[in-house]
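Quick note: residue numbers are just sequence positions, from 1.
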Amino acid sequence: MPRRTHPAGKAPTDPEEAFVDSSREWRRIFAEIWGTFLLVAAGAGGALGFATHPDKVSLAMAVVAPGATVMVVIYMLGDVSGAHLNPAVTLAFALRRNFPWARAPGYVVAQLLGAAAAAAFLKFVFGPEGRLGATIPEPGLAPIKALLIEAMLTTGLVTTILGASSGARNVGPNAAIAVGGYIALAGLWAGFATGASMNPARSLAPDLLRDDLSHTWIYIAGPLVGALIAVGFEWILKGPPTAHGTRAAQGDGGSG
């Protein structure tokens, strides 16, 4: 999306123009902080609830919660920031040339801040219960297998996001349903094994707050590898990046 400039001292008067103006990057950053906060609060909070009150919060409820939250957040914030909510998604959009590399660090920092705030909120409210909803491989599952599962899950997630953002019929509500649905389905079949994180920010924040980084590398490396593979798959499936994908990634329509 081209950057728009305005005469010194004059702000854009068109509401839509104000959202895409480069001087309003703070709005996009805030959207990423708030959206990621909600995602991690639901994801880690659901896992925490399942760990501490399995009679009230089932595994299915815990893994569907982040998918439903992402769907809602895309509806709510997709037209502001693109609703990336995930460093792996921001990386994929940048590699796909739908998103400026210069804006990527700000988005990643915002996502990490939102995730950390959510983990801190959960710790303040519930204390160090349920490992703060941390994502941990199932006992007996080799770390390399956990990494492969996270990489494969993230490949599917990012392929869904890129694909749902590339065409006029898919941007917006349909993308929200597709992305939220994928996250829920991935959690239903793989949540027991790795927690189905697919998001470095979601896994890093609880690990930092509970001071245990022994498995964190799995949940950073796996999603990043998956994002790289997904970008390659998207080139095979769709070819060069589209204008619709760029609008979705930068805040004109939903992404993921």
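- Taking CG of Asp212 as the start and CD1 of Ile136 as the end, the distance is 7.0 Å to the nearest 0.5 Å.
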Residues Val125, Phe121; criterion side-chain contact (heavy atoms from CB on, under 4.5 Å); working and verdict: CA-CA 6 Å; Val125 173; Phe121 175 80; 3.7 Å; yes
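- Summarising the local packing, CZ of Arg131 is surrounded by 12 or fewer heavy atoms from other residues, nucleotides or ligands at distances under 6.0 Å.
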Quick one, Thr194 with Glu138, criterion side-chain contact (heavy atoms from CB on, under 4.5 Å). Give me CA distance, side-chain angles, the key distance, then yes/no.
CA-CA 6 Å; Thr194 65; Glu138 180 188 27; over 6 Å; no
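- Annotation: the span from Asn98 atom CG to Gln250 atom CD amounts to 8.0 Å, rounded to 0.5 Å.
- The closest donor-acceptor contact from the side chain of Thr246 to the backbone of Thr242 lies under 3.5 Å.
- Lys123 places a side-chain N or O within donor-acceptor distance of the main-chain N or O of Leu209, the cut-off being under 3.5 Å.
- Judged by distance alone, the side chain of Glu234 and the main-chain N or O of Gly239 form no donor-acceptor pair under 3.5 Å.
- If you take OG1 on Thr69 and CD1 on Ile74, they are separated by 11.0 Å, rounding to the nearest 0.5 Å.
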Inset, instruction - Could you go through the side-chain contact (heavy atoms from CB on, under 4.5 Å) check for Gln111 and Arg202 one step at a time? - result: CA-CA 9 Å; Gln111 292 152 8; Arg202 183 264 180 265; over 6 Å; no
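- Of the inter-residue distances, the one linking Leu153 atom CG with Asn199 atom CG reads 12.5 Å to the nearest 0.5 angstrom.
- The backbone N or O of Gly245 sits nowhere less than 3.5 Å from a side-chain atom of Ser165 that would complete a donor-acceptor pair.
- Considering all non-hydrogen atoms of both residues, Pro240 and Trp235 come closest at CA-CZ3, 3.5 Å.
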